[in-house]
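See structure below.
Note that these values count all heavy atoms, side chains included, but never hydrogens, waters or copies made by symmetry. Throughout, a chain's letter reflects where its sequence line sits, starting with A, and its residues are numbered from 1.
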Amino acid sequence: MIKIVFFAQLRERLECEQIQWDYVQGITAAHLKSQLSAQGGNWLALEESDVLCAINHEISALETIINDNDEVAFFPPVTGG
Amino acid sequence: MISVQQQDFDCGHEYQQLREQGQGAIVTFVGLVRDFNQEGQIKGLHLEHYPQMTERALEQIVEQARQRWPLGKVRVIHRVGDLDGGDQIVFVGVASEHRDAAFSAAQFIMDYLKTQAPIWKKERSDIGEQWVASKSSDNDAVKKW
């Protein structure tokens with residue numbers, strides 16, 4: 001399984017903080033994002049705006065391959081400081 | 001040392017902690033909650049973050065700064081949760097033998113923090129709550145390093 005977490009306006013638009021997702025060998029963060037948005041409805045928010053990705057708490061490119069039991073985060077560009 | 005915390009910080013105390021023998025310069029920066037934006041008055045902010053990731057991201061930024069400049073103590077504090085206009089948000093303090101390194105490292109840490117640390121601001125105003133949009137000028141600031 002993959003644990004997926006969402007933050008800030010993306011979390012609010014999806015009305016979802018975290019979900020578990022079936023792991024498929026060789027899947028990238030970009031594939032995962034497409035699978036999620038293919039659910040339609042609120043999930044289309046993943047395609048409508050700038051979305052960054054972190055894998056196991058490291059900012060990662062969307063092309064990065066995910067391993068089983070990874071934690072994947074999707075979030076909007078950061079605005080701290 | 002890195003702290004991500006709800007409570008306020010005392011700049012005087014943090015400055016004293018940065019003082020040590022052999023270091024001739026300390027540069028500190030404090031970021032505050034602005035009480036206005038383009039639409040008008042801001043009452044305050046809510047800062048959301050990614051708890052397991054924020055400290056680690058800040059540590060990596062400080063580590064990158066240490067690879068570029070000879071630094072002594074470095075202190076970064078970022079507050080999260082609900083803040084009011086004028087409240088302190090972020091503290092960056094850098095000690096070094098010479099001022100050039102201390103100035104540059106403090107600015108480097110702030111520039112990277114604004115584009116790499118998983119923290120998001122939501123503003124509270126009379127018209128409601130609104131997530132702050134990221135600024136292209138912040139991305140440009142990082143490119144100069």
**Asked** Under 6.0 Å from the CD atom of Glu17(A), do we count more than 12 heavy atoms belonging to anything else shown?
**Response** no
**Under 4.5 Å from any heavy atom of chain B - which part of Asn56(A)** = backbone
**Fill in**
Honestly, the part of Ala54(A) sitting under 4.5 Å from a heavy atom of chain B is side chain
**Residues, nucleotides or ligands: over 12 heavy atoms within 6.0 Å of Glu48(A) CD** = yes
**Request:** Considering only heavy atoms and a distance below 4.5 Å, find which of Ile89(B), Asp138(B), Val132(B), Val90(B) pairs most often with chain A.
**Result:** Val132(B)
**Item:** Partner set under salt bridge (charged side-chain N to carboxylate O under 4.0 Å, His left out) for Asp126(B), not counting sequence neighbours
**Value:** Lys43(B)
**Minimum-distance pair of heavy atoms, taken over all atoms of Gln60(B) and Glu58(A)** = NE2-OE2, 3.0 Å
**Message:** Using a 6.0 Å cut-off, check whether atom CD of Gln20(A) has over 12 heavy atoms from anything other than its own residue.
**Reply:** yes
**Arg66(B), CZ atom: more than 12 neighbouring heavy atoms under 6.0 Å** = yes
**Message:** Counting only heavy atoms not in Leu44(A) (residues, nucleotides, ligands), do more than 12 fall under 6.0 Å from its CG?
**Reply:** yes
**Prompt:** If we only count heavy atoms from C-beta on, is the Lys122(B) to Glu12(A) side-chain gap below 4.5 Å?
**Reply:** yes
**Message:** Can you tell me if Arg68(B) has over 12 outside heavy atoms packed within less than 6.0 Å of its CZ?
**Reply:** yes
**Request:** May I ask you to decide if the ring planes of Phe75(A) and Tyr50(B) are parallel, tilted or perpendicular, using 30° and 60° as cut-offs?
**Result:** perpendicular
**Residue part contacting chain A, namely of Ala57(B), when any heavy atom lies under 4.5 Å** = neither
**Prompt:** Relative to chain A, which of His49(B), Met110(B), Gln52(B) shows the most heavy atom pairs under 4.5 Å?
**Reply:** Gln52(B)
**Prompt:** Hey, does the side chain of Lys121(B) reach the backbone of Gly81(A) with a donor-acceptor pair shorter than 3.5 angstrom?
**Reply:** yes
**Nearest heavy atoms of Gly80(A) and Leu113(B), plus distance in Å** = C-CD2, 4.2 Å
**Request:** Decide yes or no for Pro76(A) and Trp131(B): does some side-chain heavy atom of the first lie under 4.5 Å from some side-chain heavy atom of the second?
**Result:** no
**Message:** If you count heavy-atom pairs within less than 4.5 Å of chain A, which of Arg79(B), Glu48(B), His46(B) leads?
**Reply:** Glu48(B)
**Prompt:** If you count the non-hydrogen atoms of other residues, nucleotides and ligands that lie under 6.0 Å from CG in Asp8(B), is the total more than 12?
**Reply:** yes
